[in-house]
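What follows is one structure encoded as structure tokens, with my remarks underneath.
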Amino acid sequence: MFKIRKLIKKTIIFFTIIILIIVGGLVVLTTKYPIGYKSAIVKYSNEYNLDPYLVASIINVESKYDKNAISSKEAKGLMQIAPQTGQWAGEVLGIENYNAEMLFDPEVNIRIGTWYLNNLFTEFNGDLDLVLAAYNAGSGNVSKWLDNEEYCRDGVTLSVIPFKETKDYLVKIQDNYKVYSSVYKEYIMNPTDKDSLYINLLHNIRRVLKELMRNI
């Protein structure tokens, strides 16, 4: 009888540890790698020939999926669109009555962000590192770096990225891409717009954590 009780106790402890590990993993996932706006990400990634996992990663690094995010340089929304970029895109894309407040609309923001990324891919001949560097530091800076022998030996590939923020940015995108292209693969590529039970659980955990942080 004692052996049975001991076995039951060990089994309970074992499963409790497993549950804690799973919950802990979900907490880390939802706080560090949130997800949302799948339909817009897939829609505009397809329209502008982009990898949706890349777009999802950029959104997380730029704004942590906060549609109301504003940077110190007044970049707005999910993909942190600069005012001049938004104005330019609004004119080219023919967005009726465009104004900067529209950048807080996830649909508009992702549309403009993916359109801009497509432009950068064209400008820098599909070189992902150059595109990401330009998205972070501006295409003008990247072009200058390519013309500077101190940063570029062949006029094509950057051997040195002089801005630490931009150098770190590329690493962050790469790290995020590994997560979004694996953990969220089935979710992002699911043709339906309905969130799975798993994704809903992630969102609910994140909401609870936000509330707890507000009350601390």
Side-chain angles (χ1 to χ4, degrees), residues 32-33 37 40-41 44-95 98-106 108-181:
K32 193 170 183 180
Y33 302 103
Y37 312 108
I41 290 173
Y44 293 112
S45 293
N46 288 336
E47 183 171 338
Y48 294 111
N49 299 312
L50 299 172
D51 184 335
Y53 308 123
L54 175 64
V55 175
S57 301
I58 289 173
I59 292 173
N60 189 39
V61 173
E62 290 288 346
S63 69
K64 281 292 183 185
Y65 282 81
D66 179 1
K67 67 178 183 177
N68 297 313
I70 304 177
S71 76
S72 58
K73 296 181 180 179
E74 293 300 311
K76 294 179 173 64
L78 293 171
M79 297 188 74
Q80 290 291 273
I81 308 299
Q84 61 270 30
T85 302
Q87 188 64 45
W88 173 35
E91 293 172 3
V92 174
L93 296 173
I95 299 176
Y98 173 81
N99 64 75
E101 291 302 304
M102 290 183 176
L103 293 175
F104 295 119
D105 181 329
V108 173
N109 191 282
I110 293 173
R111 182 186 180 190
I112 290 176
T114 50
W115 170 84
Y116 181 53
L117 278 171
N118 179 269
N119 274 269
L120 292 176
F121 270 105
T122 300
E123 181 177 354
F124 294 104
N125 299 311
D127 188 308
L128 178 59
D129 285 349
L130 295 181
V131 168
L132 293 177
Y135 197 90
N136 177 259
S139 60
N141 280 322
V142 174
S143 295
K144 290 177 184 177
W145 298 341
L146 290 171
D147 289 333
N148 189 327
E149 291 182 358
E150 185 179 354
Y151 309 130
C152 178
R153 299 187 184 93
D154 57 7
V156 177
T157 305
L158 288 176
S159 54
V160 176
I161 296 177
F163 290 0
K164 185 180 185 302
E165 178 189 331
T166 302
K167 185 178 179 179
D168 292 343
Y169 182 81
L170 266 66
V171 174
K172 288 178 184 178
I173 296 294
Q174 291 166 0
D175 290 343
N176 273 261
Y177 186 85
K178 292 174 185 176
V179 175
Y180 283 96
S181 62

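Everything numeric here is computed off the predicted structure, so don't read it as measured data.
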Determine yes or no for a side-chain-to-main-chain donor-acceptor pair under 3.5 angstrom, with [X] supplying the side chain and [Y] the backbone.
X: T85; Y: I81; value: no
X: K64; Y: K32; value: yes
X: N176; Y: A56; value: no
X: N109; Y: L103; value: yes
X: E62; Y: G77; value: no

Residues in salt bridge (charged side-chain N to carboxylate O under 4.0 Å, His left out) contact with D168, at least two apart in sequence or another chain: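 With neighbours one apart ignored, the set is K164.
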message: Under the rule for salt bridge (charged side-chain N to carboxylate O under 4.0 Å, His left out), what residues qualify as partners of K76, not counting sequence neighbours?
response: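 For K76, the residues satisfying salt bridge (charged side-chain N to carboxylate O under 4.0 Å, His left out) (neighbours in sequence not counted) are E74.
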Please find the pair of heavy atoms, one from [X] and one from [Y], that lie closest to each other, and give the distance.
X: F104; Y: K67; value: CD2-O, 3.4 Å
X: I161; Y: K167; value: CG2-N, 3.8 Å
X: A69; Y: S63; value: CB-CB, 3.9 Å
X: I112; Y: G86; value: CD1-O, 4.3 Å
X: P106; Y: L78; value: CB-CD1, 3.6 Å

Side-chain heavy-atom pair [X], [Y] within 4.5 angstrom cut-off:
X: L117; Y: Y48; value: no
X: V142; Y: L120; value: no
X: E123; Y: S143; value: yes
X: Q87; Y: Y98; value: yes
X: W115; Y: V92; value: yes
X: W145; Y: V160; value: no

From [atom1] ([X]) to [atom2] ([Y]), nearest 0.5 Å:
X: K73; Y: Q80; atom1: NZ; atom2: CD; answer: 11.5 Å
X: K144; Y: C152; atom1: NZ; atom2: SG; answer: 15.5 Å
X: R111; Y: L93; atom1: CZ; atom2: CG; answer: 4.5 Å
X: S57; Y: K172; atom1: OG; atom2: NZ; answer: 13.5 Å
X: L158; Y: F124; atom1: CG; atom2: CZ; answer: 8.5 Å

Listed pairs under 3.5 Å, donor-acceptor, residues 130-141 side chains, sequence neighbours left out:
residue : atom : partner : partner atom : Å
Y135    : OH   : M79     : O            : 2.6
N136    : OD1  : T166    : OG1          : 2.7
N136    : ND2  : E165    : OE2          : 3.4
N141    : ND2  : A137    : O            : 2.7

task: Could you give me the CA-CA distance, side-chain angles and deciding distance for D66 and N68, then say whether side-chain contact (heavy atoms from CB on, under 4.5 Å) is met?
output: CA-CA 5 Å; D66 179 1; N68 297 313; 3.7 Å; yes
- request: Applying side-chain contact (heavy atoms from CB on, under 4.5 Å) between L170 and each of D129, L128, D175, report the one that passes.
  value: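 The option that passes is D129.
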query: Parallel, tilted or perpendicular: which describes the rings of Y37 and Y65, with under 30° parallel and over 60° perpendicular?
result: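 Correct class here is parallel.
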message: Apply side-chain contact (heavy atoms from CB on, under 4.5 Å) to residues N119 and W88 and explain how you reach the verdict.
response: CA-CA 12 Å; N119 274 269; W88 173 35; 4.3 Å; yes
From CA spacing to verdict: side-chain contact (heavy atoms from CB on, under 4.5 Å), T114, I41: CA-CA 8 Å; T114 50; I41 290 173; over 6 Å; no
